[in-house]
Amino acid sequence: MDISVVKQTGRKALVIGISAFFVPLILNMGFAFVLQRTVTMEPELHKSIIIIAAFQCMSSFHVIACLLADLKLLNSEIGRLAVSSSMVSGVLSFALLSLAFAIRQSSIGRNNFSLPFMGISMFCMFILTVYIMRPIMLWMVAQTHKGKPFKDSYICYVFIMVMSCSLIGEVMGLHFMLGPMILGLAVPEGPPLGSALVEKLDSYISLILLPSYFVFSAARINLSLIKMKTVWVVELLTVSSFCGKLIGTVVPSLYCKMPAVDAFSLGFIMSAQGIIDVITLQHGLLLKLIDEESFSIMALSALVSTAIITPVVKCLYDPSKRYMSTTRRRTIEHALPNAELRMLACIYQEDSTPPIINLLEVSNPTPKTPICFYVVHLIRLSGRTAPVLITHKPGKRSARTFESQDSDRIMNAFRLYEEHSSGGLIMNAFTAISPYATMHDDVCTLALEKRTSMVLIPFHKQFNELSGAGVLDNNPIRSVNRNILQNSPCSVGILLDRGTLNTNVTLSCKTSYNFGMIFVEGPDDREALAYAMRMAEHPNVSLTVVRLVDHNMKHSVHKDLDMVVISKCKIAIAGRKQHVYKEEHVKDSVDMINVIRSNSMENLYDLILVGRRHDSNSPLFMGLTEWNEFPELGFIGDMLASSDSNCDVSVLVVQQQMLGSDRMKVSDSSFNSKGKEESFSIVDMPRDDRVHPVAY
């Protein structure tokens, strides 16, 4: 749990968090007072109804964060706001519950601990944790070098701290969980310590302790004690607290000019209940603040309410909708001549930096054709709950030194290139720490907010992996790339680097670079050609455009647009000897494969640009759909990337921005000719039994 996330979100999260705590608390406790004075009820319920009302208004950061992770909304705009707001309301709830439990414990404790003594004890535990245990853990982190595993002895010391805090709390008359929870707030989030704790404990807790605890908790529910008269009183308070949380969240959200659907989605998320609420109820039952009948009703209510909230939020809020556009074009093809080109590059590993820089160089950044370049280093979330987006400012060192060591080296390489770009390039750098399942949200949000025309992403396989026989179909980076392709608000380029772009010197020092462009038809090919034409303006780049012509192809709107782009290409390269345009006549997939082999397999080029999407019903692609090893690269890109081919050329696969209607059409079938998404990551036929068409 990273408290600093609240500071990053600002006053909006603070206001919503405070409102989501106090509004339901005041509303529900006021309603409970009215019911207590006007409604006849069981004596136990009459005595504890105020406490029940207060319990139902509590919220927990841990529950909301887990819900957001299950819904894959952690990186969304609503998710970040919910995480920060729940931290505020959760801390207030934790403080109120700790005070209430301490007061109750002091009144019924066997050792007759006074409330002032328990308050002093809690303060001393806080001092012990923050000023003694946390520095020890920070020292452990400092002793762990990058790439080295966290020592098992350090993990044992942390476990001893956990047990010590629990024992001290019990001795002082506090709840045994209070000390470990304070210690948890003091643990440095993220790797190496946070991730090491998750690695050591996650499986044991998730597979053994949590199921056992759920069974134990369910066993405490006694349905035979439940009376309908008590049920409707407690359920009235449940509905009242839910309405209070909804009002306390929605009203300030609407005041902050948030869309109504987003505000209500946030309200439902902030109303979720889970295991922390069950722990609170069980401790309240242990201290006799509530009776067993009320506990049973409230536990079942928490289960039912969360079961309802989850599908409602799924239906209400879809983060990908904000990336959709029906009219606004963010592409290179539709950009104004000599206008600033905005690009966003994603870096998963440090090895991807040189080819991206060299690709950036041949994109021809000059004062007359400037490039505004954004680079984001994507890091898997580990050892913390909330995702983080860090902005790297020149001259300022990141506070998260352990996680940002690789980021600093990557950003320094881009900064160095920016300094030598003669004013044609402006670079902005970010680091995004998030789970793989929602990592694309960071990329798409940056692309949307920065109004980029293209997102560059590295292919999930490195060059040395492609030369081997094994295929890692479960590579999570592949899923991230797929999600970016499906949701990106602009064009996307997938760079498959085979070493021809990964050089020790910049391309500007080369005498010549040979680039090839394979053009068939469609918007993706037009986008790739538009990018290739920008590269052709670079003095050290020679471009060869190979157009595959099928005279039997039916006339379409795409064909007219293709002819316009081709005409512009012919005019642009006319009279320039280093650039070549030629047409190859093909009638089926065999002809097309032969042409591609002759123009690429013999390694004539340093980089080949191709479009991603083509008509699978076209005779040129008939039969290729059954052999698509990498659907995210399209048919032609898959031929060039397949390990069955002899191609040693780097490939850039381009997908033009999908408008809203186009996105809905391809969302289920863009990675599989049969429309089954699961075949994206699993190859049904054993690799040794398959022969790629290129091998024929």
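Please read all numbers here as calculations on a predicted model, not as lab measurements.
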Query raised in the report: Do any N or O atoms from the side chain of Lys12 and from the backbone of Ser85 form a donor-acceptor pair under 3.5 angstrom?
Result: no
Query - Heavy-atom check, side chain of Met140 versus side chain of Val158, under 4.5 Å - result: yes
Query raised in the report: Please walk me through it: do Asp70 and Lys314 pass salt bridge (Lys or Arg N to Asp or Glu O under 4.0 Å)?
Result: CA-CA 11 Å; Asp70 291 339; Lys314 280 186 177 180; over 6 Å; no
Query raised in the report: Heavy-atom distance under 4.5 Å between the side chains of Arg134 and Pro188, does that happen here?
Result: yes
**Report entry** Residue pair Tyr317 / Leu266, side-chain heavy-atom distance below 4.5 Å
**Finding:** no
Query - Ser217 side chain to Gln282 side chain, donor-acceptor N/O pair below 3.5 angstrom - result: yes
**Report entry** From CG (Asn75) to CD1 (Ile433), nearest 0.5 Å
**Finding:** 11.0 Å
Report summary line: Minimal heavy-atom distance between Arg409 and Glu350, with the atoms involved, is NE-OE2, 3.2 Å
Query - Side chains of His392 and Asn428 in contact at under 4.5 Å (non-hydrogen atoms) - result: no
**Report entry** Asp291 side chain to Ser294 side chain, donor-acceptor N/O pair below 3.5 angstrom
**Finding:** yes
**Report entry** Arg104 (side chain) donor-acceptor with Leu287 (main chain) under 3.5 angstrom
**Finding:** yes
**Report entry** Short side-chain to backbone donor-acceptor contact, Ser19 and Gly248, under 3.5 Å
**Finding:** yes
Query raised in the report: Which residue pairs pass the side-chain hydrogen bond (donor to acceptor under 3.5 Å, both in side chains) test when at least one of the two sits in residues 199-209, sequence neighbours left out?
Result: Asp152-Lys200, Asp202-Ser206
Report task. May I ask you to decide whether Asp497 forms a salt bridge with Lys461, counting only side-chain N to carboxylate O separations under 4.0 Å? Result -> no
Query raised in the report: Do Phe61 and Ile276 pass the side-chain contact (heavy atoms from CB on, under 4.5 Å) test, and can you show the C-alpha distance, the side-chain angles, and the key distance before you say yes or no?
Result: CA-CA 9 Å; Phe61 159 78; Ile276 303 299; over 6 Å; no
Query raised in the report: Between Asn483 and Tyr436, do the side chains contain an N or O donor and an N or O acceptor separated by less than 3.5 Å?
Result: no
**Report entry** Contact check, side chains of Cys57 and Phe21, non-hydrogen atoms, under 4.5 Å
**Finding:** no
Query raised in the report: With distance as the sole test, does Ser86 use its side chain to make a donor-acceptor pair with the main-chain N or O of Val83 at under 3.5 Å?
Result: yes
Report task. Find the distance between CG (Leu185) and CE (Met87) and round it off to the nearest 0.5 Å. Result -> 9.5 Å
**Report entry** Worked verdict on Val376 versus Ile347 for side-chain contact (heavy atoms from CB on, under 4.5 Å)
**Finding:** CA-CA 6 Å; Val376 55; Ile347 304 292; over 6 Å; no
Query - Gap separating the CG atom of Leu378 from the OG1 atom of Thr431, nearest 0.5 angstrom - result: 9.0 Å
Query raised in the report: Do Asn222 and Ser296 get their side chains close enough for a donor-acceptor pair, meaning under 3.5 Å?
Result: no
Report task. Tell me, yes or no, whether the heavy-atom count around Phe126 atom CZ, taken from other residues, nucleotides or ligands under 6.0 Å, exceeds 12. Result -> no
Report task. First locate atom CD1 of Ile127, then atom CD1 of Ile182, and finally report the distance between them rounded to the nearest 0.5 Å. Result -> 10.5 Å
Requested in this report: State, with a plain yes or no, whether a side-chain heavy atom of Ile221 is found less than 4.5 Å away from one of Leu300.
Outcome: yes
**Report entry** Pairwise distance CG(Leu74) to CD1(Ile64) - rounded to 0.5 angstrom
**Finding:** 11.5 Å
Query raised in the report: Is there a side-chain contact (heavy atoms from CB on, under 4.5 Å) between Thr144 and Lys151 once you walk through the steps?
Result: CA-CA 8 Å; Thr144 305; Lys151 293 183 180 180; 5.9 Å; no
**Report entry** Minimum heavy-atom distance Leu344-Val375, with the two atoms named
**Finding:** CD1-N, 4.3 Å
Report task. Provide the closest heavy-atom pair for Ser434 versus Met439 in the form atom of the first, atom of the second, distance. Result -> O-CE, 3.4 Å
Report task. Specify the closest pair of heavy atoms between Val455 and Cys346, including all atoms of both residues, with the distance to one decimal. Result -> CG1-SG, 4.0 Å
Query raised in the report: Are the side chain of Gln56 and the backbone N or O of Thr238 linked by a donor-acceptor pair below 3.5 Å?
Result: yes
Requested in this report: Return yes if some donor-acceptor pair links the side-chain N/O of Ser166 with the main-chain N/O of Met163 below 3.5 Å, else return no.
Outcome: no
Query raised in the report: So Leu73 and Ile78, side-chain contact (heavy atoms from CB on, under 4.5 Å) or not? Walk me through it.
Result: CA-CA 7 Å; Leu73 296 177; Ile78 292 296; 5.8 Å; no
**Report entry** Residues which pass side-chain hydrogen bond (donor to acceptor under 3.5 Å, both in side chains) with Ser305, listed by chain and number, not counting sequence neighbours
**Finding:** none
Query raised in the report: Are any side-chain N or O atoms of Thr438 and backbone N or O atoms of Asp441, one a donor and one an acceptor, separated by less than 3.5 Å?
Result: no
Query - Closest approach of Ile155 to Ala196 (non-hydrogen atoms, all atoms of both residues) - result: CD1-CB, 3.8 Å
Query - Asn481 side-chain N/O to Pro458 backbone N/O, donor-acceptor pair under 3.5 Å - result: yes
Query - Spatial distance of atom OG (Ser89) from atom CE (Met270) [nearest 0.5 Å] - result: 3.5 Å
Report task. Determine whether Phe295 and Leu289 make a side-chain contact, defined as any pair of heavy atoms from C-beta on separated by less than 4.5 Å. Result -> no
Requested in this report: Write down the atom of Val313, the atom of Ser265, and the distance for their closest heavy-atom approach.
Outcome: CG2-O, 4.3 Å
**Report entry** Any side-chain donor near an acceptor of the partner, Tyr374 and Glu449, under 3.5 Å
**Finding:** no
Query raised in the report: Thr306 and Gln273: side-chain donor and acceptor closer than 3.5 Å?
Result: no
**Report entry** Heavy-atom check, side chain of Ile290 versus side chain of Ile52, under 4.5 Å
**Finding:** yes
Query raised in the report: What about Phe268 and Phe242, are their ring centers closer than 6.0 Å?
Result: yes
Report task. Tell me whether the centres of the aromatic rings in Phe430 and His377 are closer together than 6.0 Å. Result -> no
